[in-house]
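Values in this document were obtained by computation on a predicted structure and should not be read as measured data. Atom set for the values below is all heavy atoms of this structure, side chains included, hydrogens, waters and symmetry mates excluded.
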Amino acid sequence: MIYFIKNIETGRIKIGYSETPKKRLRELQTGSDSRLVIIKTIKGDLNKEKELHDKFSHLRTNGEWFESDDELLQFIKGTEITTLEGKFFHSFENDKVKWQGYVVSEPKDGYFLVQLFDWLMGDLSDQKLVKLDDMVGWSFYDSNEDMIENYEYKYRKE
């Protein structure tokens with residue numbers, strides 16, 4: 001499997017190969033003080049990984065890490081015109097912020113896998129599968145910084 005792992009603090013994306021991407025994510029997370037999430041996996045082998053490294057070589061920052069510009073993000077998203085994948089969010093209950101996190105993927109039409117962040121330390125906590133209908137009214141952001149800034153400005157004051 002080819003995986004795309006995003007460093008949610010820098011926005012950079014690792015393109016790699018592993019038969020067990022989730023295990024690989026855990027290994028990478030152990031050596032990183034930044035939060036990492038798998039944003040997509042596709043079928044492929046080491047040859048496909050090399051092909052992608054070559055295709056996006058102009059975006060390479062270090063090793064298998066690449067800048068997440070529009071070209072790479074569009075490739076990862078595929079033919080989808082709009083998606084919630086890769087967005088940060090706040091969800092609400094009784095007009096109060098309930099969850100904060102990151103939309104990891106859409107494993108099934110109309111259902112999104114979300115990675116929640118702990119409120120106190122900001123560490124990764126649970127992952128949940130959420131129906132699109134239940135996400136109506138959530139606030140979505142393009143980056144972790146936007147999410148934090150919005151919370152500090154809008155909700156923390158309350």
Tell me whether [X] shares a hydrophobic cluster with [Y], the cluster being built from Ile, Leu, Val, Met, Phe, Trp, Tyr side chains joined at under 4.5 Å.
{"X": "V104", "Y": "Y3", "value": "no"}
{"X": "F56", "Y": "L73", "value": "yes"}
{"X": "L28", "Y": "I38", "value": "yes"}
{"X": "W65", "Y": "I39", "value": "no"}

Output yes when a side-chain donor or acceptor of [X] lies under 3.5 Å from a complementary backbone atom of [Y], and no otherwise.
{"X": "N144", "Y": "M147", "value": "no"}
{"X": "Q29", "Y": "L36", "value": "yes"}
{"X": "K40", "Y": "I76", "value": "yes"}
{"X": "S68", "Y": "I13", "value": "no"}
{"X": "T20", "Y": "K22", "value": "no"}
{"X": "D69", "Y": "E71", "value": "yes"}
{"X": "E51", "Y": "L46", "value": "no"}

I need the full list of side-chain hydrogen bond (donor to acceptor under 3.5 Å, both in side chains) pairs touching residues 125-134, with sequence neighbours left out, sorted by first then second residue. Q115-Q127
Minimum side-chain heavy-atom gap K98-F92 below 4.5 Å: no
Between W99 and W138, what is the ring plane arrangement, given parallel below 30°, perpendicular above 60°, and tilted in between? perpendicular
Would you please classify the geometry between the F89 ring and the F140 ring as parallel, tilted or perpendicular, with 30° and 60° separating the classes? tilted
Should the heavy atoms of other residues, nucleotides or ligands under 6.0 Å from OH of Y111 be counted, would the total exceed 12? no
Does NZ or CZ of R35 lie under 6.0 Å from the centre of the six-membered ring of F117, at an angle within 45° of the ring axis? yes
Holding to side chain to side chain contact (heavy atoms under 4.5 Å, CB included), I want the full list of residues that pass it with I2, two or more places apart in sequence or in another chain. F4, I15, Y17, I42, K48, E49, L52
